[in-house]
Amino acid sequence: MIRIGIIGCGLIGETHAACLAALGTPPALFVDINSARAEHLAHQYSGTAATDPTAAIASAEIDAIYVCTYHDTHAPLAIAAARAGKHIFLEKPMAITEEDCQNITQAVRDAGVRCMTGFKLHYCSLAHKAKELMEAPQMLSAQVVERRWPDESWANDPLKGGGNVLSQGCHAVEMLCYLAGSRPVRVFAEGGNLLHSALGSEFVDSMAASISFDNGAVATLLIGDAGEMPHDGKFNFQAMNGSETVHLYNRMTSLSYFDGKQEQMFKDEEDGFMNENREFLAAIAEGRNPETSEIDGLRAEMILLRGIESIRTGVPQSLQDLP
């Protein structure tokens, strides 16, 4: 059995712990600077609590590390884990700067460990159903729009969280790449700070972008905290190929497929968290890369960072150099 340590015992860490326990692999170690949080989960899952991530990463008793902390800490923790020979489950976003994303990727490659970026939408059963129903869409759209985040939220801190575009937008662009089944080659975006003036003009909280792919497919993308749609929910994806349409919505629990004559409806649970944990454990056991590796994490964040550069310059940005 793989021995897992979770760094970051907030809501996301707690969610992963529950999934791992349900899969028969309860975490052995829980780390948080808030000792009460770590001790609570350690007691719940008969593990050990700690406050020092350095010691946890260095421990010979741990095979894999889950990084479930603030976004600005992802790079130092993931790099240290890789250098210690630990496999890594890295919560999205991979990081919020190009330098950090590249450094994580290089550390993983140098160490030869497995790294999974936690894109839970990718692992929802209906996302795979959408891909099965339409292998090669010609046009796509993605929307990750939700209720306004408070200015004082850590996730809106430009250094700690990066804001909604970098934090949540990675879900959208990873799904677009998955559904398109092709390499992204160019992004052009409009937007800026439309809702959080207190955070400064350089802070980008809203993005409307177009992405083109190597196979000729094109996609539109909306990201922000401008207000949630009651019917579609926070996540909304559509794919079209000229005769058929696929619509994923309601937090990936509803799918509509129209073949040009008749509509079919599919319903399922929001099972992305459980399925991504199952995939991580399987990848480690089988000695292979997980379905969403560090490359997918790097690609998603680089598309968003270049989208922000496009907003600032008014110029489309090439993605040809992305892995």
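Of the inter-residue distances, the one linking Ile211 atom CD1 with Gln317 atom CD reads 12.5 Å to the nearest 0.5 angstrom. Between atom SG of residue Cys115 and atom CG of residue Asn289 there is a gap of 9.5 Å, rounded to the nearest 0.5 Å.
In summary, the aromatic rings of Tyr66 and Phe280 are positioned with their centroids under 6.0 Å apart.
Here the shortest heavy-atom pairing between Ala172 and Ala142 reads CB-CB, 4.2 Å. Between Ala95 and Ile104, the shortest heavy-atom contact is CB-CD1, 4.3 Å. In terms of heavy-atom proximity, Ala82 sits nearest to Ala111 at O-CB, 3.1 Å. Here the shortest heavy-atom pairing between Leu179 and Ala127 reads CD2-O, 4.4 Å. Listed here is the closest heavy atom pair of Gly307 and Val187: N-CG1, 4.0 Å.
In the displayed structure, Met139 atom CE is contacted under 6.0 Å by at most 12 heavy atoms of other residues, nucleotides or ligands. Annotation for Glu190: atom CD does not count as buried by contact number, only 12 or fewer foreign heavy atoms lying within 6.0 Å. Environment of CD in Glu269: sparse, with no more than 12 heavy atoms of neighbouring residues, nucleotides or ligands closer than 6.0 Å.
Using a cutoff of 4.0 Å between basic side-chain nitrogens and carboxylate oxygens, Asp225 and Arg148 are not scored as salt-bridged. The pair Lys129-Glu132 meets the salt-bridge criterion, with a side-chain N (NZ, NE, NH1 or NH2) lying under 4.0 Å from an Asp/Glu carboxylate O. We find that Glu279 and Arg288 are joined by a salt bridge, their nearest charged nitrogen and carboxylate oxygen being less than 4.0 Å apart. Between Glu202 and Arg312 there is a salt bridge, since at least one side-chain N of the basic residue sits less than 4.0 Å from a carboxylate O of the acidic one.
A donor-acceptor contact shorter than 3.5 Å is absent between the side chain of His71 and the backbone of Pro93.
Test Phe237, Phe235, Phe273, Tyr178 against His122 for ring-ring contact (aromatic ring centres under 6.0 Å, His included) and you get one pass: Tyr178.
Between Gln262 and Asp259, the side chains place no donor N or O within less than 3.5 Å of an acceptor N or O (distance only, hydrogens not considered).
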- [ ] Tell me, with the steps shown, if Asp63 and Arg3 meet salt bridge (Lys or Arg N to Asp or Glu O under 4.0 Å).
- [x] CA-CA 5 Å; Asp63 305 308; Arg3 298 166 298 181; 3.0 Å; yes
